[in-house]
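This report refers to the structure that appears directly beneath it.
Chain letters run A, B, ... following the sequence lines, proteins first, then strands; residues in each count from 1.
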Number of protein chains: 2
Amino acid sequence: MTVSKTADVDAAKPPRPSRKANGEGADEAASLQLGELSELLGYSLKRAQLRVFEDFLNCVAPLQLTPAQFSVLLLLDRNPGRNQTEIANTLGILRPNFVAMLDGLESRDLCARMRSTNDRRSHILTLTDKGRAVLARAKKLVATKHEARLNEVLGPANRAALLDMLAKIAREF
Amino acid sequence: MTVSKTADVDAAKPPRPSRKANGEGADEAASLQLGELSELLGYSLKRAQLRVFEDFLNCVAPLQLTPAQFSVLLLLDRNPGRNQTEIANTLGILRPNFVAMLDGLESRDLCARMRSTNDRRSHILTLTDKGRAVLARAKKLVATKHEARLNEVLGPANRAALLDMLAKIAREF
DNA sequence: CGGTATTTGATATATTGGATAACAATTATC
DNA sequence: GATAATTGTTATCCAATATATCAAATACCG
């Protein structure tokens, strides 16, 4: 039983809200059944991740920092004296791709590379004073706007439990 | 206090494991402190999502289905008689990008588009018999290999709680 | 010591996912 | 019936991700 060439069954006449210029449109195609999709952990994971990143970008917008850039600044602050390979590896960034990323941060005077005296191949990465200042401001924005809102939605206990489970997946899965 | 041009402090001499041909290398740059990074929900979210998708790909590899393709097949099965815009919207896929995706599925005879008799602009999407068969096999692989392993790692109760929180984020955040 | 293999940062490049603009065909609206 | 809106599509564009390769520097090993 193959498909017939025209669909005379299940007429294509969805609710068709037909309004689009409301506040900020994002309710398209209502009444679709997700089915097993809502039981797929990967699906919910990706959806949640996209929203969280979107909110992060909004919250840190005044500083023009992406989640990836913020994570680099955080790592540089916590781990002085490391080179590009080390930082990139711990963040799961490939060395070739990390070059352009550092170029961006360095051109904004947020961090600096300097050749190591021990191993003249590697570049020791450091935060500049401006980088430290921006990081401090970013941390504050993230804590008071981004993570605070997550705490509101989930509740502190749930938020902690969520974090634990995500870390467990990244670690043991 | 700006940065000096060469780093004579914090010598760049990491543990340097110096072995790379072990089983499957992924332990690079050990002993780096994540710091506040491990408290960033977005960071753990993304890391977990990447691992889960990676495992999904492995589990469904015999069927050559990506998570996105699987979600399309699932949606088509649950929602017959819908057009491209509706399916794409519910999955968060932009209509232009959905075209190539459908081309791929259709060229493998997993689904088919047919012009609606009601609205001759829209394409009604249907699963083919092969599409249904592949979907059934994929579901089985996902359930027995992918989700089962997640259940092992998290435990059923935690897995359910995790799913709820992720859905809540995608919904209320 | 000297030659080979590794490592580091870098470049070039390919692939993929995701986003916008524009267009023809069709339908809705007034 | 004229204008606006919708659908699928194409053409781009941008960002993230992946691989191969390279020169410089270092490690390794006979």
Rounded distance in Å - [atom1] ([X]) to [atom2] ([N]):
| X | N | atom1 | atom2 | answer |
| --- | --- | --- | --- | --- |
| A/Asn89 | C/dG9 | CG | P | 10 Å |
| A/Leu57 | C/dA19 | CG | P | 12 Å |
| A/Phe53 | C/dG18 | CZ | P | 14 Å |
| B/Ile93 | C/dA19 | CD1 | P | 11 Å |
| A/Arg120 | D/dA23 | CZ | C1' | 13 Å |
| B/Met101 | D/dT10 | CE | C1' | 19 Å |
| B/Arg115 | D/dT6 | CZ | P | 18 Å |
| B/Arg95 | D/dT9 | CZ | C1' | 13 Å |

* Structure fact -> Judged by nearest nucleotide, the residue sitting upstream toward the 5' end of DNA chain D, A/Pro96 or A/Thr66, is A/Thr66
* Asked: So, B/Asp77 and B/Arg132, do they make that salt bridge, N to O below 4.0 Å?
  -> no
* Electrostatic pair A/Arg159-B/Glu39, nearest N-O below 4.0 angstrom -> yes
* Structure fact -> CG of B/Leu154 to CD of A/Glu172, rounded to nearest 0.5 Å, is 8.5 Å
I want to verify a distance call: between [options], whose nearest atom is closest to the [X] side chain?
| X | options | result |
| --- | --- | --- |
| A/Asn83 | C/dT20, C/dG9, C/dT27 | C/dG9 |
| A/Asn97 | D/dT17, C/dG9, D/dT9 | D/dT17 |
| A/Leu94 | D/dT19, D/dT9, D/dA25 | D/dT19 |
| B/Ser122 | D/dA25, D/dT7, D/dA11 | D/dT7 |

* Shared hydrophobic cluster, B/Leu141 / B/Leu57 (ILVMFWY, side-chain heavy atoms < 4.5 Å) -> no
* To do: On DNA chain C, check which nucleotide each of A/Leu50 and A/Leu102 is closest to and give me the residue with the more 5' one.
  => A/Leu102
* Asked: Of all heavy-atom pairs between A/Met165 and B/Asn158, which one has the smallest distance, and what is that distance?
  -> SD-O, 3.3 Å
* May I ask you to verify whether the side chain of A/Arg121 and the base of C/dT8 hold a donor-acceptor pair under 3.5 Å? => no
* To do: Please determine if a side-chain N or O atom of A/Lys46 lies less than 4.0 Å away from the OP1 or OP2 oxygen of C/dG17.
  => no
* Asked: Are A/Thr85 and C/dG9 close enough that a side-chain N or O sits under 4.0 Å from OP1 or OP2?
  -> yes
